[in-house]
Amino acid sequence: MKTLIVFVSILLSVSGCENTENSQQVDRKELNRQLEEIKDLISQEACDEQTKCDYIAVGSKACGGPKSYLLFSSSIDRQKLVELVEIYNKEEADFNQKYGIVSDCMLVTPPEKVECINGKCEAL
């Protein structure tokens, strides 16, 4: 009987660790899904002579600041893009804090110049 209790206790403690790991993996998959949604929105709009290109800071490094910048055409639904990015950035910051994520503290700077080249926004 004592052996059975010890065995069940070990199983419960191991499964608890797996749940934490699975929870982190599930949360990371959701962040990846959100980022793909943002990239898909951006990819739907090409630039041309009438539109301009711009950029937006995306992601949240554990040390602070964005992970990168995404380029987009001004023909995009900017309000929707900003809303999606704000949600993503906050949730990634929460993820970093929740799981004790560490990152380099290198400053990621925005592009100096963005232009439309062959229908696509490019950093120069």
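On a predicted model such as this, the values are computed, not experimentally measured, just so you know.
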Do Tyr99 and Ser23 touch side chain to side chain, with heavy atoms closer than 4.5 Å?
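Of all side-chain heavy-atom pairs linking Ser23 with Tyr99, at least one is under 4.5 Å.
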
Taking side chain as C-beta onward, heavy atoms only, is Lys67 less than 4.5 Å from Glu92?
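Lys67 vs Glu92: side chains touch.
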
Please determine whether residues [X] and [Y] belong to a single hydrophobic cluster, defined as Ile, Leu, Val, Met, Phe, Trp and Tyr linked transitively by side-chain heavy-atom distances below 4.5 Å.
{"X": "Tyr69", "Y": "Phe72", "value": "no"}
{"X": "Leu84", "Y": "Leu71", "value": "no"}
{"X": "Leu35", "Y": "Ile76", "value": "yes"}

Can you list everything that forms a salt bridge (Lys or Arg N to Asp or Glu O under 4.0 Å) with Asp104? Sequence neighbours excluded, please.
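Only Lys61 meet the salt bridge (Lys or Arg N to Asp or Glu O under 4.0 Å) criterion with Asp104.
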
Mark yes when over 12 heavy atoms from residues, nucleotides or ligands other than Gln97 sit less than 6.0 Å from its CD; otherwise mark no.
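Check fails, neighbour count at 12 or below.
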
Taking all atoms of both residues into account, what is the closest heavy-atom pair of Arg28 and Phe95, and its distance?
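Closest heavy-atom pair between Arg28 and Phe95: NH2-CE2, 3.2 Å.
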
Side-chain atoms of residues 107-124: list all donor-acceptor pairs with protein atoms under 3.5 Å, sequence neighbours left out, distances to 0.1 Å.
| from | atom 1 | to | atom 2 | distance (Å) |
| --- | --- | --- | --- | --- |
| Lys113 | NZ | Glu115 | OE2 | 3.0 |

Which side-chain N or O atoms in residues 36-45 pair as donor and acceptor under 3.5 Å with protein atoms at least two apart or in another chain?
| from | atom 1 | to | atom 2 | distance (Å) |
| --- | --- | --- | --- | --- |
| Glu37 | OE1 | Arg33 | NH1 | 3.3 |
| Ser43 | OG | Lys39 | O | 3.4 |
| Ser43 | OG | Asp40 | O | 2.9 |
| Glu45 | OE1 | Ser75 | OG | 3.2 |

What verdict does the disulfide (SG to SG under 2.5 Å) test give for Cys47 and Cys53, after you've listed the backbone C-alpha separation in whole Å, the side-chain angles of each residue and the deciding distance to 0.1 Å?
CA-CA 7 Å; Cys47 59; Cys53 291; 3.8 Å; no

Which distance, rounded to the nearest 0.5 Å, do you find between the CD1 of Ile56 and the CG of Leu70?
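Answer for the CD1-CG pair, Ile56 versus Leu70, is 8.0 Å.
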
Does anything in residues 68-80 form a salt bridge (Lys or Arg N to Asp or Glu O under 4.0 Å)? List the pairs, not counting sequence neighbours.
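Sorted pair list: Asp54-Arg78.
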
Just to verify, what does Lys52 make a side-chain contact (heavy atoms from CB on, under 4.5 Å) with, not counting sequence neighbours?
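Expected list: Ser74.
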
Using the test side-chain contact (heavy atoms from CB on, under 4.5 Å), find all partners of Glu91 that sit at least two apart in sequence or belong to another chain.
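Result, side-chain contact (heavy atoms from CB on, under 4.5 Å) vs Glu91: Leu31, Gln34, Ile87.
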
Is the side chain of Asn89 donor-acceptor paired with the backbone N or O of Gly59 at a distance under 3.5 Å, no angle test?
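Indeed, once roles are kept as given, a pair shorter than 3.5 Å links the two residues.
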
